[in-house]
Amino acid sequence: KGATIQCADYYHPGSLPRIALGTKDGSVIVLEVNDMDEVSELCRANKIARGRITVIKICPDGERIALGCADGTVQILQLTDYCSKLELLGKCKGHKGAITGLDWSADLPTGGDIIQTSSSTYKHFLWDADQCVQLTDMSGLRNTEWLTYNCMLGYVVKDIWNACQDSATLNGSRTTACWDMWSKTSGMPV
């Protein structure tokens with residue numbers, strides 16, 4: 001109650017569905033939906049981030065949650081004690097602007113060990129989610145499959161944005177033309 005929700009993610013592993021919520025004050029709330037469509041709060045971490053949570057994503061294993069924050073950090077949380085607590089595993093630091101996109105990898109044999117992020121300063125980074133370190137040798141990661149694709153930047157959309165190469169263009173009048181190009185290649189309606 002009383003939380004201003006900024007972002008949400010849904011996870012349904014075959015058991016009871018979970019919903020992770022990020023709030024304006026930097027809190028995280030994890031909900032569970034039972035068989036009767038009743039929602040109950042599993043756990044909450046109050047003001048775990050130093051400000052607004054801009055993006056939240058649940059890992060494919062369902063046990064970790066990544067938070068993209070307005071301060072440019074990405075926090076990795078672990079659900080512990082039968083999902084009754086959230087524990088901070090680490091912080092990924094390197095972005096100079098707010099996190100605008102975040103995705104867990106889907107095609108690794110060990111699950112979602114890599115995350116990709118994009119920021120308001122038009123930077124795209126890949127991270128080792130277990131170590132919370134930025135991956136600088138990305139040559140072997142170009143064909144990584146992502147569970148979702150919420151990052152505006154990255155290898156998948158590289159050629160789409162070539163016509164809109166600078167950040168001013170992305171924010172300016174050619175954004176519509178770029179969106180038109182992206183929607184035609186992705187099948188999204190314009």
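Only a predicted model underlies this, so the values are computations on that prediction, with no experimental measurement involved.
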side-chain contact (heavy atoms from CB on, under 4.5 Å) between Ile58 and Trp104: does it pass, once the steps are laid out?
-> CA-CA 8 Å; Ile58 302 171; Trp104 287 94; 5.7 Å; no

Can you tell me how far apart [atom1] ([X]) and [atom2] ([Y]) are? Round to the nearest 0.5 Å.
X      : Y      : atom1 : atom2 : value
Trp146 : Leu102 : CH2   : CG    : 9.5 Å
Ile48  : Leu77  : CD1   : CG    : 4.5 Å
Gln134 : Asp128 : CD    : CG    : 11.5 Å
Arg64  : Asp113 : CZ    : CG    : 5.5 Å
Leu88  : Leu67  : CG    : CG    : 8.5 Å

Please collect all salt bridge (Lys or Arg N to Asp or Glu O under 4.0 Å) contacts where either partner lies in residues 2-12, sequence neighbours excluded, each pair once.
->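 Matches after skipping sequence neighbours: Asp9-Lys57.
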
Which residues share a side chain to side chain contact (heavy atoms under 4.5 Å, CB included) with Thr4, sequence neighbours left out =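 For Thr4, the residues satisfying side chain to side chain contact (heavy atoms under 4.5 Å, CB included) (neighbours in sequence not counted) are Gln6, Lys24.
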
Those residues that, when tested against Ile19, pass side chain to side chain contact (heavy atoms under 4.5 Å, CB included) (two or more places apart) |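 If we apply the side chain to side chain contact (heavy atoms under 4.5 Å, CB included) test to Ile19, skipping adjacent residues, the hits are Tyr10, Leu21, Leu31, Val33.
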
Contact summary for Ile56 and Gly22, nearest pair of heavy atoms =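 Result for this residue pair: CD1-N, 4.0 Å.
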
Shortest non-hydrogen contact from Ser105 toward Pro60 =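 Closest approach of Ser105 to Pro60: O-CG, 3.7 Å.
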
Do the non-hydrogen side-chain atoms of [X] and [Y] ever get within less than 4.5 Å of each other?
X      : Y     : result
Leu79  : Arg18 : yes
Cys132 : Leu89 : no
Gln131 : Ile76 : no

Residues that [X] engages under side-chain hydrogen bond (donor to acceptor under 3.5 Å, both in side chains), provided they are two or more places apart:
X      : result
Thr54  : none
Asp25  : Thr23, Ser27
Thr148 : Asp103, Asn150
Asp71  : Arg50, Thr73

Please table the atom pairs, donor to acceptor, closer than 3.5 Å between any side-chain atom in residues 91-100 and protein atoms at least two apart or in another chain.
residue	atom	partner	partner atom	Å
His95	ND1	Ser119	OG	3.3
His95	NE2	Thr117	OG1	2.6
Thr100	OG1	Ser118	O	3.2
Thr100	OG1	Ser118	OG	3.2

